[in-house]
Amino acid sequence: METLIVVEPPEPEAAPGPSHGPVGGRDLAEPEGPVILCTGGTVGIGDLETERVRCPVVVCCAFHGRHEVLELVVRESLHTDVAVHWMLAGSSDEDREVIERLAGETGRVSGLVCDNAPLGRKWQTCVRAAHRLYDADLYAITGSDDILSHRLIEHVVRSREADLAKPAGVSPDLYCVTGWLVHGEAPGFDPMLLKCSYRWEKAFQPLGAGRFYSRRFLDRVSGLVFDSGRARGLDACGYGLVRELGGLVAYCTVEDGPVVSIKGEWEQLNRLETFFRVDTLLIEEFSFEGYRLLRESLHPETFARLFATDATGLFS
């Protein structure tokens with residue numbers, strides 16, 4: 001199935017661009033210590049440009065705890081045919097230890113530690129650090145509980161390569177997904193898979209996870225795609241900025257490659273039951289079709305981990 005590309009014209013009241021210095025006059029958080037490099041060692045955040053790393057895709061992710069889930073998210077991407085790299089932003093000594101371990105084990109993970117609040121500033125610090133360190137074709141965003149299937153990553157990279165071969169001016173600035181799968185526990189289902197999307201007539205917005213911004217767009221906005229003063233509603237800023245600047249958007253379907261949102265009983269996550277109370281979401285039970293799709297789209301180790309029925313399961 002081909003990715004649909006549409007032009008998103010500017011609207012009269014487009015979403016606002018990233019705020020500059022709304023919190024203490026600062027756009028970015030001050031990292032607690034140097035940035036950990038995928039190539040080994042560390043460097044101050046102001047010197048990242050001196051350590052540039054070339055890669056096709058870098059994924060940005062702000063997290064706090066839930067290390068077992070984060071590691072599942074990271075390792076799924078490493079099973080692709082693409083050399084995916086990561087920029088992580090944690091907020092504790094334990095988070096730093098996880099970043100250091102993943103950097104050493106994979107050679108693909110970089111990261112830093114900074115304040116967890118406001119969350120917009122933490123995300124912005126993560127993206128800006130990725131933009132400074134990595135010479136990438138695409139800069140992706142995902143939550144620490146959102147798995148980007150290797151099928152989706154490979155689909156977007158192939159689409160990007162094909163788009164760049166077209167005449168100038170028609171390649172998208174943003175590749176994103178309009179639907180996603182939610183994996184969690186609920187009475188009567190073990191586990192339960194839901195297929196979710198936003199209701200177009202109420203609040204159209206692509207999912208925050210699974211967004212791939214072009215390098216051209218990140219250069220144009222100096223890596224600023226989040227409102228650093230916000231704690232909620234962070235997803236609208238980058239999408240609105242692409243539309244405001246007249247950029248092209250490519251929408252990917254679940255069948256192109258699913259994003260899997262893992263919902264459990266962790267305090268930091270939106271619990272599964274909250275999804276049923278959001279009237280802007282269209283929700284379908286998707287266990288049978290979703291099981292087949294995930295088996296085809298995820299690495300076998302990731303699939304087995306998600307659907308484990310013994311003590312190795314994520315929800316046990």
Side-chain angles (χ1 to χ4, degrees), residues 38 55-80 82-91 95 98-99 102 106 108-112 119-120 122-131 134 136-157 160 174-183 196-197 205-214 218 223 225-226 234-239 250-252 254 256-264 266 268-270 294 297-299 302 305-306 314:
C38 60
C55 65
V57 181
V58 56
V59 184
C60 304
C61 180
F63 74 102
H64 190 197
R66 306 191 307 274
H67 301 140
E68 184 179 7
V69 178
L70 173 71
E71 186 158 349
L72 190 68
V73 171
V74 171
R75 292 193 182 279
E76 166 64 20
S77 73
L78 303 183
H79 292 302
T80 69
V82 181
V84 177
H85 281 247
W86 284 77
M87 176 60 74
L88 301 177
S91 296
D95 292 347
V98 169
I99 295 172
L102 288 174
T106 69
R108 302 267 194 90
V109 174
S110 301
L112 55 90
L119 195 56
K122 181 178 180 178
W123 269 105
Q124 186 55 69
T125 303
C126 183
V127 175
R128 178 65 76 85
H131 187 232
Y134 287 101
D137 298 318
L138 294 165
Y139 296 79
I141 305 292
T142 196
S144 59
D145 61 333
D146 296 313
I147 300 175
L148 306 182
S149 63
H150 69 78
R151 180 171 178 166
L152 174 64
I153 295 172
E154 291 165 359
H155 171 80
V156 171
V157 170
R160 182 64 179 169
L174 172 62
Y175 298 78
C176 55
V177 300
T178 56
W180 67 99
L181 302 186
V182 174
H183 173 288
C196 299
S197 60
Q205 178 81 206
L207 182 64
R211 296 186 181 192
F212 296 75
Y213 292 99
S214 71
L218 263 287
V225 294
F226 287 100
L234 299 174
D235 295 337
C237 188
Y239 177 68
Y251 298 102
C252 306
V254 169
D256 289 328
V259 174
V260 188
S261 182
I262 304 172
K263 298 304 173 191
W266 301 282
Q268 302 98 322
L269 296 184
N270 292 323
L294 292 182
S297 304
L298 297 173
H299 188 271
T302 308
R305 193 79 177 90
L306 277 179
L314 287 173

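We count residues from 1, following the sequence as given.
- Partners of D146 by salt bridge (charged side-chain N to carboxylate O under 4.0 Å, His left out), not counting sequence neighbours: none found.
- For the pair I141/Y213, a side-chain contact is recorded, criterion being any heavy-atom separation below 4.5 Å from C-beta on.
- Between the S261 side chain and the V182 main chain, no donor and acceptor come within less than 3.5 Å of each other.
- Distance alone, capped at 3.5 Å, is enough to place a donor-acceptor pair between the H150 side chain and the S297 backbone.
- Counting heavy atoms from C-beta on, the side chains of Y175 and L152 never come closer than 4.5 Å.
- You'll find the side chain of L88 reaches within 4.5 Å of the side chain of L102, heavy atoms only.
- Side chain of Y134 to backbone of W86: a donor-acceptor contact under 3.5 angstrom is found.
- The only option from V177, L148, L174 that meets the side-chain contact (heavy atoms from CB on, under 4.5 Å) definition with F212 turns out to be L148.
- The shortest side-chain heavy-atom distance between D95 and H67 falls under the 4.5 Å cut-off.
- Nearest heavy-atom pair, P56 versus V82, reported as atom, atom and distance to 0.1 Å: CG-CG1, 3.4 Å.
- Atoms SG and CH2, from C60 and W123 in turn, are 7.5 Å apart once rounded to the nearest 0.5 Å.
- Taken from CG in L298 to CD in E76, the straight-line distance is 4.5 Å, to the nearest 0.5 Å.
- Between L70 and C61, the closest side-chain pair of non-hydrogen atoms falls below 4.5 Å.
- By the 30° and 60° cut-offs, the orientation of the rings of H79 relative to H299 is parallel.
- Summarising the geometry of V73 relative to S144, their closest heavy-atom pair is CG2-O, 3.6 Å, with the distance given to 0.1 Å.
- Closest approach of A89 to K122, counting heavy atoms only: O-CE, 3.1 Å.
- Considering every non-hydrogen atom in both M87 and A130, the closest pair reads CB-CB, 3.8 Å.
- I99 and L112 make their closest contact through CD1-O, 3.6 Å (heavy atoms, listed as atom of the first residue, atom of the second, distance).
- Annotation: the span from I147 atom CD1 to R75 atom CZ amounts to 13.5 Å, rounded to 0.5 Å.
- Here the straight-line distance linking atom OG of S214 with atom CG of L138 works out to 7.5 Å at 0.5 Å rounding.
- We find the OG-CG distance between S77 and L72 to be 10.5 Å, quoted to the nearest 0.5 Å.
- Of all the heavy atoms in A209 and T142, the pair that sits closest is CB-OG1, 3.7 Å.
- You'll find the side chain of Y251 reaches within 4.5 Å of the side chain of C176, heavy atoms only.
- One N or O on the side chain of R108 and one on the backbone of V84 form a donor-acceptor pair closer than 3.5 Å.
- Using a 4.5 Å heavy-atom threshold, the side chains of I262 and L306 count as touching.
- Under the 4.5 Å side-chain criterion, counting only non-hydrogen atoms from C-beta, V127 is not in contact with Y139.
- Distance CD/E154 to CG/D256: 12.5 Å, rounded to 0.5 Å.
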